[in-house]
**Student:** 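The structure follows.
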Amino acid sequence: KIEARLHFEDPTYTRGATVLTVFIIGVIIFSIVAFIVESNPDAADPENPAPVWFILECIIIGIFTIEYLARLAVANNRLKFVIDPMNIIDLFAILPFYIEQATLGNFVDQIRILRISRIVRLFKIGRYHKGFQAVVIALANSLGGLFLLGFFLLLAMITFSTGIYFTEQIWSSYDHTAERWFYNDGINYGSMSQFQSIPHGMWWAVVTITTVGYGDTYPASPYGKAVASITMMCGIIIMALPLSILGRLFGETYAAYKKGEEHSVFFNKNKEKNFGERLKILDKELEKLGTYIDDLETLLKGLQKRREILKLFVLKVSNGEPHVCLEDCVKEVEVQAADQDGDIAFDPAYVDFNDLGSETE
């Protein structure tokens, strides 16, 4: 069961796992290409596609279904498997097909929208690309920043859409017959206002805040243009602050990913060697780590001695002892350290007498 799971999760585990991964990726790419080509009227009738497209879809869904069920069967914790984000993507890649077939042609117009879920298959490749997984982890770690961005965007959208609606009304009058606002002054005299309500202004606000600027909706009055100018300037600030937080979090996550990748490269480089050689390599790495730990422990003990020397020196000075000398304090602390069992011999190299003097002052 463990070996079967590794065949699905680690493409480098065996040659068979590599072939399986390449095959699944090939099916994913083929399904996306078929989905795109099928939308071309020259290749298929959008209302009544040729049977070949349905046959291809059945084959693709069958492969994805077998893969999903096989990975579910060998999973250690099936509940954890089902709620895993990547596995949810896999489920959404196949589930709409079965829903569509279960309706037996009923609710065609409502079910047709489910076909857009086929594009979810493209995200299945993310399972085999560690860079994509790093992005997913970064987004998961950045939920706070995303919420902040959404909150700022919503607040600004409501504020500026309200402002543009009421400022455009100053140059408009309401026609009760047409039930619409029309400009009564300026170069757009007699034309219908593009801001008939606050919801109409929200689309303009989002486009302006995000600095996209489609140009399909724009203010015509001087007051509206003033609100638009403020919206543009505030939009830069509103978008910049949360995005800087997201960028920092993504950088930290990606750095951690690269560090883990280095460890993976180290073990993959030596995976073909026999178990004994791999243990020797691991022992050497552990030995290096032990040396670093010993050096750090020595440094910490030296710093502790330095602290004791400083405390003793300050104590003698505060007690008014005459002719206090740092060298004498060093000797006293060294004698105390030698009396303690298991303590290291004191290394005077850890003591900078000039630095100690400046700290005391």
**Student:** Report yes or no: do S221 and E168 form a side-chain donor-acceptor pair below 3.5 Å?
**Tutor:**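 Note: S221 and E168 side chains meet the donor-acceptor criterion.
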**Student:** Is T217 close to V207 at the side-chain level, that is, under 4.5 Å between some pair of heavy atoms?
**Tutor:**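 Of all side-chain heavy-atom pairs linking T217 with V207, none is under 4.5 Å.
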**Student:** Taking the side chain as every heavy atom from C-beta outward, state whether I60 and V27 have any atom pair closer than 4.5 Å.
**Tutor:**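 In short, these two side chains touch, coming nearer than 4.5 Å.
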**Student:** How close do S31 and I28 get, counting heavy atoms only, and between which atoms?
**Tutor:**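 That would be OG-O, 2.6 Å.
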**Student:** Quick check: closest heavy atoms across F160 and V227, and the distance to 0.1 Å?
**Tutor:**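 Nearest pair, atom of F160 first, then V227: O-CG1, 4.3 Å.
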**Student:** Among W181, F182, F195, which residue meets the side-chain contact (heavy atoms from CB on, under 4.5 Å) test with S172?
**Tutor:**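 Going through W181, F182, F195 one by one, the side-chain contact (heavy atoms from CB on, under 4.5 Å) with S172 is satisfied by W181 alone.
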**Student:** So which atom in T210 and which in V206 form the shortest heavy-atom distance, rounded to 0.1 Å?
**Tutor:**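 Of all heavy-atom pairs spanning T210 and V206, the closest is OG1-O, 2.7 Å.
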**Student:** How long is the gap from CG on L310 to CG on L315, to the nearest 0.5 Å?
**Tutor:**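 Reported value, rounded in 0.5 Å steps: 11.0 Å.
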**Student:** If you define the side chain from C-beta out and look only at heavy atoms, does anything of I63 sit under 4.5 Å from I66?
**Tutor:**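 Side-chain contact under 4.5 Å: no.
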**Student:** Which salt bridge (Lys or Arg N to Asp or Glu O under 4.0 Å) pairs, counting each pair once, include a residue from residues 49-61, with sequence neighbours left out?
**Tutor:**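 Matches after skipping sequence neighbours: E57-R118, E57-R121.
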**Student:** Quick one: side chains of residues 198-205, donor-acceptor pairs under 3.5 Å with protein atoms, not counting sequence neighbours, listed by atom name and distance.
**Tutor:**
from: H200; atom 1: ND1; to: S197; atom 2: OG; distance (Å): 2.7
from: W203; atom 1: NE1; to: D216; atom 2: OD2; distance (Å): 3.0
from: W204; atom 1: NE1; to: T208; atom 2: OG1; distance (Å): 3.3

**Student:** Atom CD in Q169, atom CZ in F166: separation rounded to 0.5 Å?
**Tutor:**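 So the gap between those two atoms works out to 6.0 Å.
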**Student:** Can you list the residues that meet the ring-ring contact (aromatic ring centres under 6.0 Å, His included) rule with Y68, with sequence neighbours excluded?
**Tutor:**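 Only F81 meet the ring-ring contact (aromatic ring centres under 6.0 Å, His included) criterion with Y68.
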**Student:** Please enumerate all residues that pass salt bridge (charged side-chain N to carboxylate O under 4.0 Å, His left out) together with R248, with sequence neighbours excluded.
**Tutor:**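 R248 satisfies salt bridge (charged side-chain N to carboxylate O under 4.0 Å, His left out) with E252 once adjacent residues are dropped.
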**Student:** State, to 0.1 Å, how close I88 and I83 come at their nearest heavy-atom pair, and which atoms those are.
**Tutor:**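 Nearest heavy atoms, I88 then I83: CD1-O, 3.6 Å.
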**Student:** Can L79 be reached from M86 by stepping across I, L, V, M, F, W or Y side chains whose heavy atoms are under 4.5 Å apart?
**Tutor:**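 Hydrophobic grouping puts M86 apart from L79.
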**Student:** Just wondering, are more than 12 heavy atoms of other shown residues or ligands nearer than 6.0 Å to OH in Y214?
**Tutor:**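 Incorrect, the count does not exceed 12.
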**Student:** Side chains of T167 and K225: does their closest heavy-atom pair fall under 4.5 Å?
**Tutor:**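 T167 vs K225: side chains apart.
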**Student:** Should L299 and L303 count as side-chain neighbours, where that means a heavy-atom distance under 4.5 Å?
**Tutor:**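 Result yes, sub-4.5 Å side-chain heavy-atom pair found.
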**Student:** Taking I230 as the starting point, is it possible to reach I236 by hopping between hydrophobic residues whose side chains are less than 4.5 Å apart?
**Tutor:**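 Hydrophobic grouping puts I236 apart from I230.
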**Student:** Tell me whether I94 is reachable from F23 by hopping between hydrophobic residues (I, L, V, M, F, W, Y) whose side-chain heavy atoms are closer than 4.5 Å.
**Tutor:**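 Yes, one cluster joins them.
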**Student:** Measure across L91 and P96 and return the closest heavy-atom pair with its distance rounded to 0.1 Å.
**Tutor:**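 It is O-CD, 4.4 Å.
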**Student:** Could you label the plane-to-plane angle of the Y174 and H176 rings as parallel, tilted or perpendicular, counting under 30° as parallel and over 60° as perpendicular?
**Tutor:**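 Judged by the thresholds at 30° and 60°, the geometry between Y174 and H176 is perpendicular.
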**Student:** Does any pair with a residue in residues 194-211 pass salt bridge (Lys or Arg N to Asp or Glu O under 4.0 Å), and if so which ones, sequence neighbours excluded?
**Tutor:**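 For residues 194-211, and leaving out neighbouring residues, there are no salt bridge (Lys or Arg N to Asp or Glu O under 4.0 Å) pairs at all.
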**Student:** For E67, enumerate each residue passing the salt bridge (charged side-chain N to carboxylate O under 4.0 Å, His left out) test, keeping only those at least two apart in sequence or located in another chain.
**Tutor:**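 Checked E67 against salt bridge (charged side-chain N to carboxylate O under 4.0 Å, His left out); matches are K124.
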**Student:** Would you give the length of the straight line joining atom CG of D294 to atom CG of L289, rounded to the nearest 0.5 angstrom?
**Tutor:**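 Nearest 0.5 Å value for the CG-CG distance: 9.5 Å.
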**Student:** Check for me whether the distance between the ring centres of Y183 and W171 falls short of 6.0 Å.
**Tutor:**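 No, ring centres 6.0 Å or more apart.
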**Student:** Compare all side-chain heavy atoms of F97 with those of T65 and state whether any distance is below 4.5 angstrom.
**Tutor:**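 No - every pair of side-chain heavy atoms lies 4.5 Å or more apart.
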